[in-house]
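All heavy atoms count here, side chains included; hydrogens, waters and symmetry mates do not.
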Amino acid sequence: MMRRRHALLGLAAPFVMAAAPGGQEIAFRVRRRGDAVGTHVVRFAQRGGERVATSELAIVPKVMGVVVYRYEHRYEEVTREGRFLRVASRLNRNGRIVEVRGEATPGAVLLEGTEGPQRLAPDAAPLSWWEMRRMGGAVPLFGTTTGRALALSWESRRGSAGGPSFTCSGDVSATVAFDAAGRWVGFSARGEDGNDIVYEAA
């Protein structure tokens with residue numbers, strides 16, 4: 001396992017310096033079975049020495065113009081020099097609201113979510129798909145829609161966009177891709193209804 005983790009980190013290493021965009025926006029259309037069903041936009045801003053990432057995901061498929069399902073997830077994550085500081089998340093899944101908060105302290109990451117208060121490893125961080133340096137088992141991850149630590153297995157390869165592509169399985173099944181500059185450019189995952197969702201640049 002340790003040898004595999006080092007190999008994954010080695011694949012991402014050439015891109016590490018470019019992996020933290022600031023003052024930018026990443027926007028995707030979300031497709032399911034070929035139909036556009038939503039959007040995912042991540043905006044980045046600098047506040048002094050802190051970088052703030054605001055992620056807004058909305059999946060609202062319609063039948064004959066009527067919304068038949070609603071999945072809205074918004075969270076704000078703050079980092080400093082690439083290190084996780086805090087996150088606040090709110091998920092609306094068809095009217096069921098889940099809120100998660102996490103904060104890094106000197107000895108641990110303190111997490112509050114569906115499992116109640118938790119104390120995670122001090123290098124733990126949220127599973128934020130744009131943060132390439134967290135992929136591949138580099139750090140312990142927790143879910144911002146669940147508020148609990150994630151058990152994940154990883155595979156990696158050189159992607160078609162010039163950067164690494166990571167596939168995870170376990171608590172989350174998804175594939176995320178980056179370009180040669182370390183920018184998040186692709187994503188696919190199995191939806192709750194068993195159909196795959198695929199991101200394309202908006």
Side-chain angles (χ1 to χ4, degrees), residues 19-30 37-60 69-105 108-135 138-152 166 168 170-176 178 182-192 197 199 202:
Q24 301 178 13
E25 177 179 293
I26 302 174
F28 295 102
R29 279 183 294 272
V30 182
V37 294
T39 59
H40 191 173
V41 179
V42 185
R43 298 180 177 88
F44 302 91
Q46 289 294 137
R47 297 178 187 168
E50 296 181 344
R51 186 191 69 158
V52 181
T54 302
S55 171
E56 296 182 318
L57 169 61
I59 299 177
V60 285
Y69 181 76
R70 186 175 299 275
Y71 184 101
E72 296 172 331
H73 183 210
R74 185 185 191 279
Y75 73 99
E76 181 178 277
E77 178 186 347
V78 180
T79 58
R80 183 187 293 271
E81 296 180 350
R83 184 173 179 81
F84 166 69
L85 295 180
R86 58 189 178 274
V87 67
S89 166
R90 186 180 191 273
L91 170 67
N92 176 2
R93 181 188 276 117
N94 239 18
R96 180 175 179 267
I97 306 300
V98 175
E99 294 187 343
V100 173
R101 292 183 179 274
E103 182 177 6
T105 67
V109 168
L110 304 181
L111 187 62
E112 180 75 43
T114 58
E115 304 296 313
Q118 296 178 73
R119 186 179 180 91
L120 305 183
D123 60 340
L127 177 55
S128 300
W129 296 110
W130 60 88
E131 289 285 1
M132 186 180 70
R133 289 169 289 189
R134 296 178 190 167
M135 303 297 110
V139 297
L141 296 172
F142 61 86
T144 54
T145 61
T146 63
R148 62 173 181 263
L150 298 172
L152 300 172
F166 298 91
C168 64
D171 288 339
V172 179
S173 297
T175 296
V176 59
F178 301 86
R183 181 180 172 89
W184 181 28
V185 295
F187 180 80
S188 62
R190 180 60 51 89
E192 295 178 350
I197 60 169
Y199 281 23

Below 4.0 angstrom, N of the basic side chain to O of the carboxylate: do Glu50 and Arg86 qualify?
-> yes
At their closest point, which heavy atom of Val42 faces which heavy atom of Ala53, and how far apart are they?
-> CG1-CB, 4.4 Å
Contacts of Val100 that satisfy side-chain contact (heavy atoms from CB on, under 4.5 Å) - sequence neighbours left out | Ser89, Val98, Leu111
When you measure from the side chain of Thr79 to the backbone N and O of Gly82, does any donor-acceptor pair fall under 3.5 Å?
-> no
Heavy-atom pair of closest approach, residues Val30 and Leu57 | CG2-CD1, 4.1 Å
Please list, chain by chain and in numerical order, all residues satisfying side-chain contact (heavy atoms from CB on, under 4.5 Å) with Val60, sequence neighbours excluded.
-> Val67, Arg70
For the residue pair Asp123 and Pro140, establish whether any side-chain heavy-atom pair is separated by less than 4.5 Å.
-> yes
Side chains of Arg183 and Gln24: donor-acceptor distance under 3.5 Å anywhere?
-> yes
Here the pair of heavy atoms bringing Trp184 nearest to Ile26 is O-CG2, 3.9 Å
What side chain to side chain donor-acceptor pair (under 3.5 Å) pairs are there with at least one residue in residues 109-119, not counting sequence neighbours?
-> none
Distance from Glu72 atom CD to Ile59 atom CD1, nearest 0.5 Å?
-> 10.5 Å
Name the orientation class of the two ring planes belonging to Tyr199 and His40 (parallel below 30°, tilted from 30 to 60°, perpendicular beyond 60°).
-> perpendicular
CA sep, side-chain torsions, deciding dist, call: Arg43, Val41, side chain to side chain contact (heavy atoms under 4.5 Å, CB included) | CA-CA 7 Å; Arg43 298 180 177 88; Val41 179; 3.6 Å; yes
Inter-residue atom distance Phe178.CZ - Phe187.CZ, 0.5 Å rounding = 10.5 Å
Taking side chain to side chain donor-acceptor pair (under 3.5 Å) as the test, write out the residues that go with Arg90, two or more places apart.
-> none
Could you pull out the closest heavy-atom pair between Ala124 and Phe84, with the gap in Å?
-> O-CD2, 3.6 Å
To the nearest 0.5 angstrom, please state how far the CZ atom of Arg96 sits from the CG atom of Leu91.
-> 8.0 Å
Contacts of type side chain to side chain donor-acceptor pair (under 3.5 Å), residue Thr145, not counting sequence neighbours | none
Inter-residue atom distance Glu103.CD - Leu110.CG, 0.5 Å rounding = 7.0 Å
Aromatic rings Tyr69 and Tyr71: how do their planes relate, parallel, tilted or perpendicular, breaks at 30° and 60°?
-> parallel
What heavy-atom pair brings Asp171 and Ala151 nearest, and what distance separates the two atoms?
-> OD2-N, 2.8 Å
Give, for atom CZ of Arg101 and atom CD of Glu76, the distance between the pair rounded to the nearest 0.5 Å.
-> 9.5 Å
Does the side chain to side chain contact (heavy atoms under 4.5 Å, CB included) test come out yes or no for Arg51 and Phe44, once each step is laid out?
-> CA-CA 7 Å; Arg51 186 191 69 158; Phe44 302 91; 3.7 Å; yes
In Å and rounded to the nearest 0.5 Å, what is the CG to CZ distance from Leu127 to Phe142?
-> 9.5 Å
With sequence neighbours left out, write down each residue that passes side-chain contact (heavy atoms from CB on, under 4.5 Å) with Ser128, or none if nothing qualifies.
-> Tyr75, Glu77, Pro126, Trp130, Glu131, Arg134
